[in-house]
2 protein chains.
Amino acid sequence: MNLNALYKLAYGMYIIGAHKDGKLNGQVANTVFQVTSEPPTVAVSINKGNLTHEYIKASRAFSAAVLCTATPLPYIGAFGFKSGRDVDKTKGVNFKIGQTGSPVFLDHATAYLEVEVGQEIDAGTHTVFIGRVVAAEVLTEDPCMTYEYYHQVKRGTTPKTAPSYIAKEKGGEK
Amino acid sequence: MNLNALYKLAYGMYIIGAHKDGKLNGQVANTVFQVTSEPPTVAVSINKGNLTHEYIKASRAFSAAVLCTATPLPYIGAFGFKSGRDVDKTKGVNFKIGQTGSPVFLDHATAYLEVEVGQEIDAGTHTVFIGRVVAAEVLTEDPCMTYEYYHQVKRGTTPKTAPSYIAKEKGGEK
């Protein structure tokens, strides 16, 4: 078995926004995908240890901003490699409060969605949140960043808490 | 709300293989994604009306072959716009029987996975099958086809039964 095959799966790069008791947070995710078209339904896989997980569970909603290829690595790093428990991720970035109350992070975003969570699937280390799209806008026609582009062109890395992390000894993150 | 935002989500292009009572079938899917890394766990969203859905439910397993950008449209069309109830999709294509008993379709594949289904999530028109990766191989280093490439470069279309179908009146499939 060669788990590098998992690197062949294609994803985008998203900033997931969520809120709880007036507090706001965001994190990078790559596993956002549509599960049905009628009604428009989207899922995301979030690590149970993440603050965003706690906020989505509490508010039963999240936003997903689709990042463009030009997104600077430090922007991704600020959302992806730091915890909202230690830093306020809304500082110095542009966002609006969406109709679900979730922060929608607007920098480098080509589009965004807001989702009201209908189902939570326990997938071990992660929860898959599934819900209906209640807001959606296209912001620019800039090309969207793929996970492959992030790794190969931007030379980005993956935190251990990501669904798509593959340990070095198993062939990943060389 | 502009549902074209859903087109900004990035996916790959996959041939899903499944079996039941010695019968084999395959279909195109774009919503294959990893949900956890330890253990390696993958999900796919399949329309309830599809024969592959019936086979995955019966065998509780599926394969996913990752298509390369060079995949000819007729190959995708044969798996994506025809039902295994009407035609034998294994005719004239290369495949092997994987360790789950699922057919693994090898033409134009850069990698494949086999998954033993652990959970089935009812998502209305579709079921999200989630399970552990039990086999995985990289076959080539050819670039993988993204759903965007399929639409923009290959000028491919989406059947109404796909999770990512957007009706014309809602801005999709122009």
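As the structure is a computational prediction, the values presented were derived from the model and not from experiment.
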Under 4.5 Å from any heavy atom of chain A, what part of [X] do you find: side chain, backbone, both or neither?
| X | result |
| --- | --- |
| B:Thr110 | both |
| B:Tyr112 | backbone |
| B:Val134 | backbone |
| B:Asp122 | backbone |
| B:Val138 | both |
| B:Gln99 | neither |
| B:Leu113 | side chain |

Q: Write down the atom of B:Gly12, the atom of A:Ala10, and the distance for their closest heavy-atom approach.
A: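 Closest heavy-atom pair between B:Gly12 and A:Ala10: N-CB, 3.4 Å.
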Q | Part of A:Thr41 lying under 4.5 Å from any heavy atom of chain B | A |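 Interface part for A:Thr41: neither.
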Q) What part of A:Val133 lies closer than 4.5 angstrom to a heavy atom of chain B: side chain, backbone, both or neither? A)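 The answer is both parts of A:Val133.
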Flag yes if [X] and [Y] sit in one hydrophobic cluster, no otherwise; membership is Ile, Leu, Val, Met, Phe, Trp, Tyr, and two members link when side-chain heavy atoms are under 4.5 Å apart.
| X | Y | result |
| --- | --- | --- |
| B:Leu73 | B:Met145 | yes |
| B:Val28 | B:Phe62 | yes |
| A:Ile16 | A:Leu51 | no |
| B:Ile76 | B:Ile15 | yes |
| A:Leu67 | A:Leu139 | no |

Q: Please determine if B:Glu137 and A:Lys8 form a salt bridge, counting it only when a charged side-chain N lies under 4.0 Å from a carboxylate O.
A: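 A:Lys8 and B:Glu137: not salt-bridged.
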Taking the side chain as C-beta and beyond, is there a heavy-atom pair between [X] and [Y] under 4.5 Å?
| X | Y | result |
| --- | --- | --- |
| A:His126 | B:Val35 | no |
| B:Leu9 | A:Tyr14 | yes |
| A:Ile121 | B:Val128 | no |

Q.
Please identify, among A:Gly124, A:Gly118, A:Ala123, the residue contributing the most non-hydrogen atom pairs under 4.5 Å to chain B.
A.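 Sorted descending by pairs with chain B, the first entry is A:Ala123.
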**Q.** Greatest number of heavy atom pairs closer than 4.5 Å to chain B - which of A:Pro39, A:Ala111, A:Pro143, A:Ala64
**A.**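 Result: the option with the highest number of such pairs is A:Ala111.
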Q) With no hydrogens and no angle check, is any side-chain donor or acceptor of B:Glu148 less than 3.5 Å from a backbone partner on A:Cys144? A)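 Side chain of B:Glu148 to backbone of A:Cys144: no pair is present.
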Q) Taking atom CD of B:Gln34 and atom CG of A:Leu3, what is their separation to the nearest 0.5 Å? A)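 CG of A:Leu3 is found 8.0 Å from CD of B:Gln34.
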